[in-house]
Amino acid sequence: PVMIKKKYNEIIEHLKKDLGIRKKIDVIRAGLRLLEKDAERLNRIKRWKHATKLVVKYGDEAQINKEFRQHSRLKST
């Protein structure tokens, strides 16, 4: 069991009521999902910034493709 401070318990109860969620754990899970999505978004932004730096630095498509080939989801077989 997780010990929750009174202040946070009140917030969770309020969210349960507003969102129509039945259990405290479901409120916490929903919050964790949002945090996970935010972390994924931040990682995408980080990769995009890296990609734009490479484009500016190299401007050479072959070099850029070489740099990102190792991260490709579509691996050639």
Side-chain angles (χ1 to χ4, degrees):
V2 176
M3 297 301 292
I4 300 173
K5 291 183 179 180
K6 183 178 179 182
K7 173 185 170 184
Y8 298 120
N9 191 47
E10 291 171 1
I11 293 170
I12 291 171
E13 289 297 328
H14 180 71
L15 287 170
K16 275 177 48 179
K17 186 177 177 182
D18 287 352
L19 300 173
I21 297 175
R22 295 178 63 163
K23 297 179 181 180
K24 288 182 184 180
I25 189 66
D26 292 331
V27 172
I28 294 170
R29 286 180 182 139
L32 288 174
R33 279 192 298 274
L34 288 174
L35 284 172
E36 186 177 38
K37 285 181 180 182
D38 193 42
E40 289 170 358
R41 180 182 157 274
L42 292 174
N43 283 332
R44 279 194 311 274
I45 290 171
K46 183 178 172 183
R47 288 193 315 267
W48 292 340
K49 286 182 179 181
H50 178 67
T52 56
K53 284 180 184 178
L54 286 174
V55 169
V56 169
K57 182 177 178 180
Y58 295 114
D60 178 15
E61 185 177 333
Q63 180 63 33
I64 294 168
N65 284 339
K66 180 181 174 187
E67 180 74 21
F68 284 96
R69 192 173 296 132
Q70 63 186 346
H71 303 292
S72 175
R73 291 182 182 180
L74 303 172
K75 301 277 185 187
S76 57
T77 54

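Below, all heavy atoms of this structure are taken into account, side chains as well, without hydrogens, waters or symmetry copies.
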Exercise. Atom OH in Tyr8, atom CE in Met3: separation rounded to 0.5 Å?
Worked result: 14.5 Å
Exercise. So, do Ile21 and Leu15 sit near enough that their side-chain heavy atoms are less than 4.5 Å apart?
Worked result: no
Exercise. So how far is it from Leu35 CG to Leu42 CG, rounded to the nearest 0.5 Å?
Worked result: 10.5 Å
Seminar exercise, completed: Closest non-hydrogen atoms of Ile4 and Asn9, given as atom of the first, atom of the second and distance, are CG2-N, 3.5 Å
Seminar exercise, completed: Between the CD atom in Glu40 and the CG atom in Asp38, the distance rounded to the nearest 0.5 Å is 9.5 Å
Exercise. Taking only residues two or more places apart in sequence, or in another chain, which ones meet Arg44 in a salt bridge (charged side-chain N to carboxylate O under 4.0 Å, His left out)?
Worked result: none
Exercise. CG of Asn43 to NZ of Lys46: how many Å apart, nearest 0.5 Å?
Worked result: 6.5 Å
Seminar exercise, completed: Taken to the nearest 0.5 Å, the spacing of Leu19 CG from Ile12 CD1 works out to 12.0 Å
For this session: Run the salt-bridge test on Glu13 and Lys16 with the 4.0 Å N-O cut-off and return the result as yes or no.
Result: yes
